[in-house]
**Student:** 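Here it is: the structure, laid out below.
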Protein chains: 2
Amino acid sequence: MPTDVFAVLAEPARRRILDELRVADRSVGELVVALTISQPTVSKHLKVLRDAGFVSARTAAQQRIYHVEPTQFAALDEWLAPYRRLWTNHLDELARHLDRMEQ
Amino acid sequence: MPTDVFAVLAEPARRRILDELRVADRSVGELVVALTISQPTVSKHLKVLRDAGFVSARTAAQQRIYHVEPTQFAALDEWLAPYRRLWTNHLDELARHLDRMEQ
DNA sequence: GACGTATATTCCTTGACAGGCATATGCCTG
DNA sequence: CAGGCATATGCCTGTCAAGGAATATACGTC
């Protein structure tokens, strides 16, 4: 996890790329068409996403087909996990609260 | 959700603040001590977190006690949801793969 | 091997944002 | 109401990253 996961996702264009790739693998050209962003800009964002481990690419002739790499999303999920308790598992929250009170 | 959730979390100092507040509510001064960041900087980050709905504060004499507000974390979780399938499927595939190898 | 397509990279400019410092505001105590 | 503490805000500057335009690289085709 060299690059900051959140910094990478902070860019809206990159999230749009991920949303697109989540549905299906895409070539750079397809992303350019789908997102109406210039090709160099898309390539640069893809580089950032690649370096951060969010996507990877396979070569098919002149094209590069990108696909989502789940690992970094799992990392984000892990970061979120301790906060998840705050809004989902109210019983856990209550239990911890009672634990504190018992001491 | 006026401000971008990811942009807010992109700042490491803000995540440290949230990690601190997740454990327990804290006054600004306590955060300054705990994180070794200047008071104005902490206050500015808290303002960003407040405006984005990540935290809120109650007034206690001269102090302001901050606490985590779960809503935005839930929003983040919702964003993550469709991607979650990606890596749970991935784990399933890995499991099947290992099953095959065992035979 | 020249050419066309697909993608990556470089250079440059511009805008946003973080941090330091100084200062303002709010609140309590004597 | 003066003075001190806790927090917020304003100003300034440096940094960094995004986007546009031009160009480089890789690959296939004729």
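Every heavy atom of this structure was used, including side-chain atoms; hydrogens, water molecules and symmetry mates were not. Below, chain A is the first sequence line, B the second, and so on; all start at residue 1.
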**Student:** Side chain to side chain contact (heavy atoms under 4.5 Å, CB included) between A/Leu21 and A/Leu31: does it pass, once the steps are laid out?
**Tutor:** CA-CA 9 Å; A/Leu21 292 180; A/Leu31 289 172; 4.2 Å; yes
**Student:** Of all the nucleotides listed (C/dG4, D/dA21, C/dG26), which has the minimum atom distance to the side chain of A/Gln62?
**Tutor:** C/dG4
**Student:** Measure CZ/A/Arg58 against C1'/C/dT7 and give the value in whole Å, please.
**Tutor:** 16 Å
**Student:** So, OP1 or OP2 of C/dG19: does either fall under 4.0 Å of a side-chain N or O from B/His45?
**Tutor:** yes
**Student:** To the nearest 0.5 Å, how far apart are CZ in B/Arg84 and CH2 in B/Trp87?
**Tutor:** 4.5 Å
**Student:** On DNA chain D, nearest-nucleotide positions of B/Lys44 versus B/Ile65: which is more 5'?
**Tutor:** B/Ile65
**Student:** Looking at A/Arg64, does any N or O in its side chain come under 4.0 Å of the phosphate oxygens OP1/OP2 on D/dC27?
**Tutor:** no
**Student:** Do the charged groups of A/Arg22 and A/Asp19 touch, with an N to O distance under 4.0 Å?
**Tutor:** yes
**Student:** Within the structure, does a side-chain N or O atom of B/Ser38 lie under 4.0 Å from either OP1 or OP2 of C/dG19?
**Tutor:** no
**Student:** Rounded to the nearest angstrom, tell me the gap between atom CG in A/Leu9 and atom P in D/dA17.
**Tutor:** 15 Å
**Student:** Look at all strands and tell whether B/Thr59 reaches a base, only sugar-phosphate, or nothing, counting heavy atoms closer than 4.0 Å.
**Tutor:** nothing
**Student:** Check the orientation of B/Phe54 and B/Phe73. Use parallel for under 30°, tilted for 30 to 60°, and perpendicular for over 60°.
**Tutor:** perpendicular
**Student:** Whole angstrom is fine here: how far is it from CG in B/Leu31 over to P in D/dA6?
**Tutor:** 14 Å
**Student:** Could you check how far CG of A/Leu49 sits from P of C/dT7, rounded to whole Å?
**Tutor:** 16 Å
**Student:** With respect to the side chain of A/Val28, which nucleotide from C/dC28, D/dA8, C/dA8 is positioned closest?
**Tutor:** C/dA8
**Student:** Remember a base hit wins even if backbone is also touched, and classify B/Gln39 as base, sugar-phosphate or nothing at under 4.0 Å, heavy atoms.
**Tutor:** base
**Student:** Once rounded to the nearest 0.5 Å, what's the spacing between atom CZ of B/Arg50 and atom OG of B/Ser43?
**Tutor:** 8.0 Å
**Student:** Need the pair for C/dG30. Rule: Watson-Crick or G-U wobble, both distances under 3.5 Å, any strand; none if unpaired.
**Tutor:** D/dC1
**Student:** Can you measure A/Gln63 atom CD to D/dC27 atom P for me and round it to whole angstrom units?
**Tutor:** 14 Å
**Student:** Whole Å only: how far is the CG atom of A/Leu35 from the P atom of D/dG19?
**Tutor:** 12 Å
**Student:** By the 4.0 Å heavy-atom rule, please label B/Ser43 as base, sugar-phosphate, or nothing.
**Tutor:** base
**Student:** Atom CZ of A/Arg14 and atom C1' of D/dG19: how far apart are they, to the nearest Å?
**Tutor:** 12 Å
**Student:** Quick one: pull up OG1 in B/Thr41 and CD1 in B/Ile17 and give me the separation to the nearest 0.5 Å.
**Tutor:** 9.5 Å
**Student:** Which part of the nucleic acid, if any, lies within contact of B/Thr41, taking any heavy atom under 4.0 Å across all strands shown: a base, the sugar-phosphate backbone alone, or nothing?
**Tutor:** sugar-phosphate
**Student:** Output yes when at least one side-chain N/O atom of A/Tyr66 is less than 4.0 Å from OP1 or OP2 of C/dA6, else no.
**Tutor:** no
**Student:** Taking the side chain of B/Glu11 as its heavy atoms from C-beta onward, which of C/dA18, D/dA18, C/dA8 lies nearest to it?
**Tutor:** C/dA18
**Student:** Tell me the interatomic distance from A/Asp4, atom CG, to C/dA18, atom P, rounded to whole angstroms.
**Tutor:** 13 Å
